[in-house]
Every structure is written in C-alpha cells, then in structure tokens.
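First up is the structure itself, then whatever we jot down about it.
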Amino acid sequence: VQLQASGGGLVQAGGSLRLSCAASGLNFRINTMNWYRQTQGNERELVATITAEGSTDYSNSVKGRFTISRIYARRTVYLQMNSLIPEDTAVYYCNTPYRGVDWWGQGTQVTVSS
C-alpha cells in the first residue's frame, strides 16, 4: 500500500489549498480514507473522513471550511481547504485502515500566515 500526498504550501489567512492523496496497492473502492494533521509536540488529529459510500465527517475545527472528496477512477482522495486560518498550520497526512493496519502517506506541510 502506498499513499502519496501532495498540495501543501504557504498561503495567507483566508486563502485556499487543495491536498491530494493518490492511493495504490489496495482496493480503493472499499476503503475509508482519512485526512489527519499534526503540529509539533501534539498528537495527530483526525480532520476529515470519507467512507467507500461517500459519507463524510469532519472535526469541529474544520467543519464548514474543509471538504473531503474522492475520485474512484483516479484512486485519489482530496481535501479542499477554504478560509484557512493560522491554526490550520500543520503537517497533513492521508490515512487508510486496510487489512488491520493503519497506512499513512508521507505528509505534506501546510502553513497559513496571518
């Protein structure tokens, strides 16, 4: 299983970014996909989830600003982040539980300047 995340960068507060996570080595059509984020010294925080059926869930901190989606043909999950605030600054990871193992992408840095 490989998860390749991309799309991070530096953005001003109020701006937008879209993260992508390309998945391989698993049955993408049946896997729940997650986005987590982590700041230094803190545990990873679950930000958004999308099930195989397309149901979504968000942490309260991003609800209404972030949107998770997936395109099955591309085997890719996205995280559209709007109205970014400095508190969104973190390393973002895509994740999927598969065959009893948590698989992680390499992380992509998002920095929001005030």
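Remember, it's a predicted structure, so these values are computed and weren't measured experimentally.
Expressed to the nearest 0.5 Å, how far CD of Gln80 lies from OG of Ser16 amounts to 5.5 Å. Once rounded to the nearest 0.5 Å, the distance linking CZ of Arg29 with CD of Glu53 reads 12.0 Å. The distance from atom CG of Leu79 to atom CG of Leu17, rounded to the nearest 0.5 Å, is 9.5 Å. In this structure, Ser113 OG and Leu84 CG are separated by 10.0 Å, a value rounded to the nearest 0.5 Å.
The number of heavy atoms from other shown groups lying within 6.0 Å of CD (Gln109) is above 12.
Using a 4.5 Å heavy-atom cutoff, the side chains of Trp35 and Cys21 are in contact. At least one side-chain heavy atom of Val77 sits under 4.5 Å from a side-chain heavy atom of Ile50. Between Tyr78 and Leu19 the shortest side-chain heavy-atom distance does not fall below 4.5 Å.
Residues Gly8 and Val110 come closest through the heavy atom pair CA-CG2, 4.1 Å. Listed here is the closest heavy atom pair of Pro86 and Ser114: CG-CB, 3.8 Å. Between Arg70 and Thr51 the shortest heavy-atom distance is NH1-O, 2.9 Å. Here the closest heavy-atom approach between residue Thr108 and residue Gly7 is recorded as OG1-N, 4.1 Å. In terms of heavy atoms, Leu3 sits closest to Cys94 at CB-SG, 3.6 Å.
Proximity of a side-chain donor or acceptor of Gln4 to a complementary backbone N or O of Ala23 within less than 3.5 Å is not detected. When atom types are taken as modelled, the side chain of Asn31 and the backbone of Met33 share no donor-acceptor pair closer than 3.5 angstrom. In this structure, the side chain of Tyr98 does not engage the main chain of Thr32 through any donor-acceptor pair within 3.5 Å. Under a 3.5 Å cut-off, the side chain of Arg74 and the backbone N or O of Ala22 do not form any donor-acceptor pair. With hydrogens and angles ignored, the 3.5 Å screen pairs a side-chain donor or acceptor of Thr89 with a backbone N or O of Val112. A donor-acceptor contact shorter than 3.5 Å is absent between the side chain of Arg37 and the backbone of Val91. A donor-acceptor pair is defined here as one N or O able to donate and one able to accept, closer than 3.5 Å; no such pair exists between the side chain of Asn34 and the backbone of Thr96.
Hydrophobic clustering of Ile, Leu, Val, Met, Phe, Trp and Tyr side chains at less than 4.5 Å, counting indirect connections, unites Phe28 with Val101. Criterion: ILVMFWY side-chain heavy atoms under 4.5 Å apart, direct or through other members. Under it, Tyr72 and Ile68 are part of a common hydrophobic cluster.
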One pair to check against side chain to side chain contact (heavy atoms under 4.5 Å, CB included): Leu46 and Arg44. What are the steps and the verdict? CA-CA 7 Å; Leu46 178 59; Arg44 289 184 185 182; over 6 Å; no
Under the criterion side chain to side chain donor-acceptor pair (under 3.5 Å), I'd like the reasoning laid out for Glu45 against Ser61: C-alpha separation, chi angles, the key distance, then a yes or no. CA-CA 10 Å; Glu45 171 196 10; Ser61 60; 3.2 Å; yes
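With sequence neighbours excluded, no residue forms a salt bridge (Lys or Arg N to Asp or Glu O under 4.0 Å) with Glu87. Residues satisfying the salt bridge (Lys or Arg N to Asp or Glu O under 4.0 Å) criterion with Arg65, sequence neighbours excluded, are Asp88.
Ring pair Phe66/Tyr92 is tilted by interplanar angle, where 30° to 60° counts as tilted.
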